[in-house]
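This report refers to the structure that appears directly beneath it.
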Amino acid sequence: MNFQILDADYVREDKGPVIRLFGRGEDGRSVCCFVPGFEPYFYVNTKSDPGSAGELLKERFSSAIKKVEIVNKFEPVGYQVSPKPMLKVTTYDPGNVPEIRDEIAGIPAVKEIYETDILFRNRFLIDRELHGMGWISVEPSSDSSPDQRLYCDDVITASSIEEIEKLSNAPLKYLAFDIECLPLGGSLPMPETSPIIMVSLSFSPAFEGYGSLVLVSKPVEGVSDNVETFASEADMLNRFFEVFQQYDPDIVGGYNILDFDIPYIVDRVSILNDPVNTVRPVTGRDGRLLSYRKIGTRTMVSMPGRVVVDALPLIRSQFSLKRYTLRNVAKELLDMEKLDIAPSEMEEHWEDSGEKILRFIDYAQRDSELALELFMRLRLLDKYIAVSQVSGSLLQEVVDGGQTSMVDNLLLREYGKRDRVIPPKPSDDEVGFRNLSSEGLKGGEVLEPKKGLIENIIIMDYKSLYPTIMMAHNLCYTTVVEKDRPQGETIKPPSGGEFVSAEIFKGVMPTILENLLNRRIETKKRMKGASSEEEHRVLDATQLALKILLNSFYGYSGYTRARLYSLPLANAVTSFGRENIINTRAIINGQINKVVLRDSKVLFTEEVDVPRAGDRTVSLSVVYGDTDSVFVQCTSKTPISLDDAGLVGSRIADTVSASLPDPMELEFESIARRGIFLAKKRYAIWVFERAGNEWKDSIKVKGMETVRRDWCELTSKTLNRVLELILKEGNVEAAVSHVRQVVDRVRNIDVRKDKDIIDDLTMTRMFSKNASRYKNKQPHLTVVEKIEERTGAPPAVGERIPFVITAGKDLFVNRAEDPEYVREHNIPIDVDYYIKKQVLPPVERILDAFGVDISNLDYDSKQKGLFDFSDRPREPAVNNRKKREEKPSGSSPSARSQSSLFDF
DNA sequence: TCCACCACCTAG
DNA sequence: TGAGCTAGGTGGTGGA
């Protein structure tokens, strides 16, 4: 029998722990597979003779410890010539391990204890070389059949398990749900007082022919046939859990279900069950009841055999949006409208028996449909499934957790194969110590940009810079010289320290990275020959997962809560990176300096013995770079075609790559016809990228206000237009005139007449911590306070708060106001603020690059400035350009490119 | 007026 | 957005 591993856990039986693997088969049947015979264990490093220490442990813990063996293991960190004897302690029960560990820790002969905090199910997957979302082939054993009541199509016991390769996913079943509560008097619903009145469910694939189902807790006439009505809330909830188990979903999803729907249902059920049990919220494949745990502000839900996924956090981390309400997310990402009923009108709709209640039902249905659409249409889980397969962690862990557990998982697998033990997660004290004693981790190098307008830029970047540095220089926990000294030369990073070369000992991490990198190259190759769209999608997700994992190791090494934290290692990586980008600049500016184009060939100066007619010289100069990228300006007396620039780019990239150790590689990316560079990490370019035989152009904006969520839409729109006019059309005059129009329009805003403009004036900022922790006033905090005052329900920490600035004499922060409130009460907007502080400064920074003298500008409406052309000829930009052209070439950074700006 | 500081968000 | 990292720009505020 073949199936894909969705989840795993264990149960205790008489003979010992038994692993349970949950999954779905290629035939579409859900499976629970019991695997007996796997035992928990951990390692102990002793101060003296391990033999006698082992005897001591066996005696002291005879009821818990099954056996103690002496094994040869390397310690986690540092190059070591040979392993040392340690104790491998096998216990009867995984649950006892923490307790035994704590007692053993007190024994004087014990130096260190390793791998006691690896979850039993993970230990199993790692040791058996199985992976989350991996396919396995199971040989069922005939003699024993598990008798537990499980909510699965098939229940088997395995006699053997083998991982198999399969490109597609099993036909996974998705269920998304959403509840509606009845807020009494328009206030926030609380489980104690507000009943759940509807539950809406959406299915993929359909459930008994229905794509969605709405359960309603009171009788309603005239509903469509995917609506079921009940006499009570309890009846409705019981039906919900019944449908849940009948459908038997693999993925249980929704929007904000972790922070709202699931806790609400659980709390409500316990209230309904108070004197007598009337509702049984069975949701786990093992029959477990729905429950949740709060860890800090985070809600954890465990549903054995299934995977619970809240779309909200996933969308937050993957898409940069101004707001993450379901309404906005559906609009931005799905181009779908959420139906809406204001909380204050819900009671009225609910009490109605005609059109209003039917509308309310539609509204409920739409919410679960939207949630399901987010999963299906955005293919939200593809990436997580692939990361699970590649890292080996279970899907639930990948979805819930960060990069740490994935890296841990990969390290555990490879450390195990190399006979190395892994240290435990650091205690809070240890983390505190690490934070305090850290002299700091230095990051990447950012080259000062040549500011202003620049034409013909070759953009190149290093492919996976940090991972390739680790591979190239064998940087690893296991290669740091701090215990034994190796023979011969060592690798000395610019940051100091020493690492053993790969010839003497190849590091564990470089080995893992090499595997990941090779698999990625292989996967990309297979993508080209993919036989179906589905196969292509799976392979694409896989290569993306490999990239994510490749890039996770560096961050992990500098993360103070990581099992394997190493500042010397992390600093070695970045120091090589900084050295590398500076060397790259030196090679391009100095060694290469210029190239000659001859018959579609790129020649270096030393390759040109006799100049020929038609030779074109292109001078090269690095004008910007950030961590792993270089931007090279090309100057030539004749225009340079995209193809020629591409050839030059490839030749440079190849030349630089050849000077570097494998697998470091500089890659040609794209060509920018024009770019405006304002500061480090702030620029806009008109780029051309190769797409087959074509060049595809686009404008890319980095760091500037158009991509920042704390600026208003008016700013983004205006700036985008200005950038487009300047970059694509070279039309500064038109840009200035556009700004003038915008300013005019803003001056004449009448909030009462033009409510839509409020959307364009709205800024958002994240409410990032509790109000009391803010040292300074903040505009969005003002709004949070106002909302709390008005409704009693302040937005939650972590939400993005929209606000506009209203007119008045008070301090800026105090004039921030909720856009909704402004709309309803026709509150005047601070027009001056929007012109002077929102629209003009970003535009000025750009026009400044054209030498427009802004020092005399006065934007006050009464005095006419550059942007108020009403009684002034609109020529400043043009005049300015002429002035600049008269200057000798080279006297100003943008002078030369300026002259060609309008000829292009 | 200048500067240090907080806060935010972004680049990579 | 409660768990990978640092570098860097910009705006508002309040005190020197």
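A, B, ... follow the sequence lines: proteins, then strands. Residue 1 opens every chain. Below, all heavy atoms of this structure are taken into account, side chains as well, without hydrogens, waters or symmetry copies.
- Taking atom NZ of K700(A) as the reference point, atom C1' of dT10(B) lies 16 Å away to the nearest angstrom.
- Closest-nucleotide positions on DNA chain C for Q778(A) and S405(A) were compared, and the one nearer the 5' end corresponds to S405(A).
- Listed nucleotides dG12(C), dG2(C), dC9(B) differ in distance to R765(A); the shortest reach to its side chain belongs to dC9(B).
- K769(A) forms a cation-pi arrangement with Y774(A), by the criterion of a distance under 6.0 Å to the ring centre and an angle within 45° of the ring axis.
- One C1' atom belongs to dC6(B), the other to dG4(C), and the distance between them is 25 Å to the nearest Å.
- Classification of D818(A) and K786(A) as a salt-bridged pair fails, no side-chain N sitting under 4.0 Å from a carboxylate O.
- The interatomic distance linking F767(A) (CZ) with dA7(B) (C1') rounds to 14 Å, in whole Å.
- Between L811(A) atom CG and dG12(C) atom P the separation is 10 Å, expressed in whole Å.
- A salt bridge does not link D830(A) to K837(A): none of the charged side-chain nitrogens sits closer than 4.0 Å to a carboxylate oxygen.
- Nucleic acid contact class of T404(A) (heavy atoms, under 4.0 Å, all strands): sugar-phosphate only.
- The shortest heavy-atom contact between I422(A) and R563(A) is CG2-CD, 3.6 Å.
- With hydrogens and angles left out, the side chain of R708(A) and the base of dC9(B) share a donor-acceptor pair within 3.5 Å.
- Both R800(A) and E448(A) lie near DNA chain C, and the one whose nearest nucleotide falls closer to the 5' end is R800(A).
- Of all nucleotides listed (dA3(C), dG12(C), dC5(C)), dA3(C) comes nearest to the side chain of R561(A).
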